[in-house]
Amino acid sequence: MIHNKLVKLFFLSCISFNIVKADSIKFGLGSCLDQDLPQPIWQPIKKEKLNYFIFLGDNVYGDVPSGSLRKMKKAYQKQKLIFPDFLNEINIFSIWDDHDYGLNDGGSKYRNKTRAQKLFLEFWEIPKEDIRHKQKGIYFSEEKIFFNKKFKLIFLDTRYFRSELKGRKGNYTKNKEPNATILGAKQWEWFEGQLNEDFDFLMIFSSIQIIPQDHGFEKWDNFPKERDKILNMIEKYKGRTLLFSGDRHRSGIYKKDGIIEATASSMNKPGSSFSETDTFLIGETYPQANFSILEIFQNSINIKIKDESGMILNSLTLNY
């Protein structure tokens, strides 16, 4: 069980806002974790000696076509018993995607989204005074000081407010309607406010991919105005911005105009073995079970994609 208690949060917060003494700070990242399948991926992750782990969505598979949350409750109960003990010792951040939202490829019209949010917050033991218990949607931000630099971490909700998809699953087309949205008006206003604050480095966590555009599945490019909007808003931070996503059951590293995105997916539900490329892809995509490591050093950041044996599939280093 993950114990995300107030005392622990306060203690970890105090540590993160002091000058970092370690040689590096290490985050693990992953998505698409099925509670009904084996989870050997935790063994190589444990060996990484992480400071943080970020769940990028589909953290359980509790959705059914009817939108009922009965399976979701059981999925959370089962996964809570499966989580490895070492997660109790590190700080955890989480966002959701469709399978822990409650409806496959679901968006704003999902009728049980309010109840789903309550279950999500209870599962992750988010303190009652946290704003996520009062607002619509599970978006939030954190600020961390590493090596005397301020890192802004922004966690987006790409489900609660999202407009309807166009086309069919696996062959979605662009929704160009004037009011089509992913984040919704209030979350966009909040996001802009976050960018107006002072920071040295920006990290944005989105359950669905932001940069890739060539595949037919869910992605920001299904709403091209929204994708253009977010990329334009962060353009001035290029060279000191990283994006992270999940969802795809294949991992990869992408780069567009100085902005880098790493997709970490899936932890125990490997994707199909077909070859996939993209205009902005660096190297290959990897459908086997995987996780990502984000390691922050004094003047550089390293991203690694690793398989369930701990072997590096791809990596990239960014100096800042």
Side-chain angles (χ1 to χ4, degrees), residues 1-18 20-62 75-97 100 120-127 130 140 142 144-146 151 153 155 203 205 207 244 246 251 262 264-270 288-297 301-313 315:
M1 177 183 289
I2 296 178
H3 301 288
N4 196 10
K5 305 303 182 184
L6 283 174
V7 173
K8 177 188 172 188
L9 286 175
F10 176 76
F11 176 72
L12 290 170
S13 176
C14 289
I15 291 175
S16 66
F17 276 90
N18 289 329
V20 175
K21 300 297 183 182
D23 292 333
S24 68
I25 295 294
K26 191 181 287 190
F27 289 74
L29 305 100
S31 68
C32 305
L33 183 66
D34 192 322
Q35 72 282 349
D36 293 327
L37 297 177
Q39 300 182 13
I41 198 78
W42 291 119
Q43 297 173 23
I45 292 175
K46 180 179 181 179
K47 294 178 182 179
E48 296 289 342
K49 305 295 183 183
L50 300 173
N51 303 103
Y52 300 86
F53 194 88
I54 297 175
F55 290 87
L56 290 164
D58 294 339
N59 308 307
V60 297
Y61 280 67
Y76 279 141
Q77 291 169 356
K78 185 172 184 178
Q79 185 58 50
K80 191 167 286 264
L81 298 174
I82 299 173
F83 276 137
D85 290 341
F86 76 85
L87 288 180
N88 292 327
E89 310 303 321
I90 63 177
N91 211 348
I92 303 296
F93 298 123
S94 59
I95 54 176
W96 62 15
D97 200 36
D100 47 351
F120 178 91
L121 297 176
E122 289 174 350
F123 173 71
W124 294 108
E125 299 181 12
I126 306 301
D130 190 287
F140 69 105
E142 293 277 340
K144 300 294 178 183
I145 304 296
F146 302 134
F151 286 74
L153 282 62
F155 300 84
M203 296 181 182
F205 304 88
S207 66
F244 297 92
S251 61
S265 176
S266 160
M267 294 180 74
N268 73 339
K269 289 177 73 70
Q288 59 263 57
N290 66 82
F291 64 98
S292 287
I293 294 296
L294 163 68
E295 192 164 10
I296 301 172
F297 298 91
I301 294 176
N302 182 256
I303 300 169
K304 295 185 179 76
I305 298 173
K306 295 190 173 186
D307 67 14
E308 63 182 6
S309 71
M311 184 180 76
I312 297 173
L313 302 173
S315 64

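Heavy-atom basis, side chains included; hydrogens, waters and symmetry copies ignored.
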Verify, without hydrogens or angle tests, whether [X] (side chain) and [Y] (backbone) share a donor-acceptor contact under 3.5 angstrom.
| X | Y | answer |
| --- | --- | --- |
| K26 | E48 | yes |
| D36 | D34 | no |
| N290 | K306 | no |
| E308 | P44 | no |

Check whether any side-chain heavy atom of [X] sits under 4.5 Å from a side-chain heavy atom of [Y], and report yes or no.
| X | Y | result |
| --- | --- | --- |
| I293 | L50 | yes |
| W42 | M267 | yes |
| L33 | N59 | no |
| F291 | I41 | yes |
| K78 | V60 | no |
| L294 | Y52 | no |
| I126 | F120 | no |
| I90 | N51 | no |

Minimum heavy-atom separation for [X] to [Y], with atom names?
| X | Y | result |
| --- | --- | --- |
| K304 | E295 | NZ-OE1, 4.3 Å |
| G57 | S31 | O-CB, 3.3 Å |
| G62 | A75 | CA-CB, 4.1 Å |
| N268 | P38 | ND2-O, 3.1 Å |

Within this structure, what is the [atom1]-[atom2] distance for the pair [X] and [Y], rounded to the nearest 0.5 Å?
| X | Y | atom1 | atom2 | result |
| --- | --- | --- | --- | --- |
| K46 | E89 | NZ | CD | 10.5 Å |
| K49 | F86 | NZ | CZ | 9.5 Å |
| I296 | K144 | CD1 | NZ | 11.0 Å |
| I95 | D100 | CD1 | CG | 9.0 Å |
| D58 | S265 | CG | OG | 7.5 Å |
| F205 | L29 | CZ | CG | 6.0 Å |

query = Given L56 and S207, is the side chain to side chain contact (heavy atoms under 4.5 Å, CB included) satisfied, shown in steps?
reply = CA-CA 5 Å; L56 290 164; S207 66; 6.0 Å; no
task = Go through the steps for S24 and F146 under the test side chain to side chain contact (heavy atoms under 4.5 Å, CB included), then give the verdict.
result = CA-CA 9 Å; S24 68; F146 302 134; over 6 Å; no
task = Give a yes or no on this: more than 12 heavy atoms of other residues, nucleotides or ligands lie within 6.0 Å of atom CD of E122.
result =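 Atom CD in E122 is crowded, with more than 12 foreign heavy atoms closer than 6.0 Å.
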request  = Report the C-alpha separation of F151 and I25 in whole Å, then their side-chain angles, then the decisive distance to 0.1 Å, and conclude whether the side chain to side chain contact (heavy atoms under 4.5 Å, CB included) test is met.
outcome  = CA-CA 12 Å; F151 286 74; I25 295 294; over 6 Å; no
message = In this structure, is the centre-to-centre distance between the rings of F83 and F55 below 6.0 Å?
response =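 Yes.
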task = Take L87 and F53, measure what side chain to side chain contact (heavy atoms under 4.5 Å, CB included) needs, and give me the verdict at the end.
result = CA-CA 8 Å; L87 288 180; F53 194 88; 4.3 Å; yes
ask   = In terms of the angle between their ring planes, are F93 and F140 parallel, tilted or perpendicular, with boundaries placed at 30° and 60°?
value =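 Rings of F93 and F140: tilted, as their planes differ by 30° to 60°.
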